[in-house]
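Everything numeric here is computed off the predicted structure, so don't read it as measured data. Note that ligands are numbered from 1 as they come in the structure, with each ligand's atoms numbered from 1 the same way.
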Amino acid sequence: HDEEFPPRILDHVMKNAIKGDVTNVIDVIDKYCWSVEIAMNVGDVKGAILDKSFLEASPKNVLEIGCYCGYSALRMSRLLKEDAKIFTIEASSQYADVAQEIISFAGMEKKVQILRGLSDEVLPTIAEKCGVRTFDFVFIDHAKELYKRDLIMLENLGLIRQGTTIMADNVIFPGCPDYLEYVRNSPKFECTNYPSKLEYCENREDAMEKSIYLP
Ligand SMILES: O=c1[nH]cnc2c(O)c(F)c(-c3ccc(F)cc3)cc12
Ligand SMILES: [Mg+2]
């Protein structure tokens with residue numbers, strides 16, 4: 001995926017979406033990605049799986065690792081209950097800049113806070129910085145080789161609690177075998193796999209994995 005994509009998607013959203021209409025911004029991004037160029041958003045098909053788990057969890061404190069252009073943060077923000085909030089970690093300042101613009105354009109800047117930096121640098125101080133003790137819902141969607149490390153960090157830092165829902169994207173493609181092996185063999189996680197397709201593709205398999213933390 002090329003670095004020039006995010007500014008193009010931002011430009012397209014600003015020109016074609018309705019300011020303040022989060023559902024329309026999501027639709028405009030999906031139409032663009034289906035018709036013009038693929039982006040590594042979770043997309044509409046896997047996004048619907050994320051939505052369903054999100055609604056079931058009905059979380060107050062949400063953590064996302066991997067914001068990219070803000071697409072999944074917008075999907076979750078539109079389902080947030082009153083006084084709930086999303087904290088999303090993004091290591092690329094270019095992606096974070098674009099995501100901030102798109103999230104603000106959609107009118108969700110008060111519900112979504114982007115934390116800039118590497119996940120292993122942000123997580124140790126996130127509780128005091130964000131005034132959160134534990135997260136109720138976590139969406140992992142960043143570099144696949146960091147999924148397992150970061151889940152272990154969340155556990156060790158006490159940032160997840162009995163019943164926290166963890167959703168992971170791309171567990172088939174690109175794939176995160178060490179993460180899957182870890183959560184599925186751990187007695188502390190109750191796992192469910194949701195087979196789907198790679199975003200904006202008809203014929204590439206992918207899946208989401210839901211893991212409920214039960215220490
Ligand atoms: O780096 C990523 N972070 C988060 N999510 C991703 C994703 O959903 C992808 F499909 C892909 C991806 C899509 C197509 C490819 F050929 C390679 C990676 C990458 C990421
Ligand atoms: Mg992904």
Any side-chain heavy-atom pair of Leu159 and Thr134 under 4.5 Å:
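The answer is no, as the side chains (C-beta and beyond) never meet within the 4.5 Å cut-off.
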
Using side-chain heavy atoms (C-beta onward) and a distance below 4.5 Å, is Leu63 in contact with Thr88?
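Heavy-atom side-chain distance check fails, nothing below 4.5 Å.
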
Which is it for Glu64 and Ser72 under the side-chain hydrogen bond (donor to acceptor under 3.5 Å, both in side chains) test, yes or no, and what are the steps along the way?
CA-CA 9 Å; Glu64 173 179 70; Ser72 45; 2.4 Å; yes

Among the N/O/S atoms of Asp169, the Mg ion (ligand 2) lies closest to OD2

Which N, O or S atom of Asp141 lies nearest to the Mg ion (ligand 2), by name
OD1

Return the option from Cys201, Ala143, Pro174 holding the heavy atom at the smallest distance from atom 12 (C) of ligand 1.
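The option holding the nearest heavy atom is Pro174.
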
Tell me the nearest of Ile38, Val42, Asp141 to atom 5 (N) of ligand 1, using heavy-atom distances.
Asp141

Looking only at heavy atoms, what is the nearest atom pair of [X] and [Y], with distance?
X: Gln100; Y: Glu109; answer: NE2-CB, 4.2 Å
X: Phe137; Y: Thr164; answer: N-CG2, 4.2 Å
X: Ile103; Y: Cys67; answer: CD1-SG, 4.5 Å

Test: Glu90 and Arg116 ion pair at under 4.0 Å:
no

Check ligand 1 against [X] and write out every atom of the ligand that is under 4.0 Å from a heavy-atom position of the residue.
X: Leu198; answer: 10 (F)
X: Glu199; answer: 7 (C), 8 (O), 9 (C), 10 (F)
X: His142; answer: 3 (N), 4 (C)
X: Asp169; answer: 8 (O)

Give yes if a backbone or side-chain nitrogen or oxygen of Asn41 is under 3.5 Å from a nitrogen or oxygen of ligand 1, and no if not.
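No; every N/O pair is 3.5 Å or more apart.
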
Does Asn41 bring an N, O or S atom to under 2.8 Å of the Mg ion (ligand 2)?
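Given the 2.8 Å cut-off, Asn41 does not count as a ligand of the Mg ion (ligand 2).
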
Pick one of side chain, backbone, both or neither for how Tyr68 approaches ligand 1, counting any non-hydrogen atom pair under 4.0 Å.
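No part of Tyr68 comes within reach of ligand 1.
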
OG-CG distance between Ser53 and Leu55, expressed to the nearest 0.5 angstrom:
9.0 Å

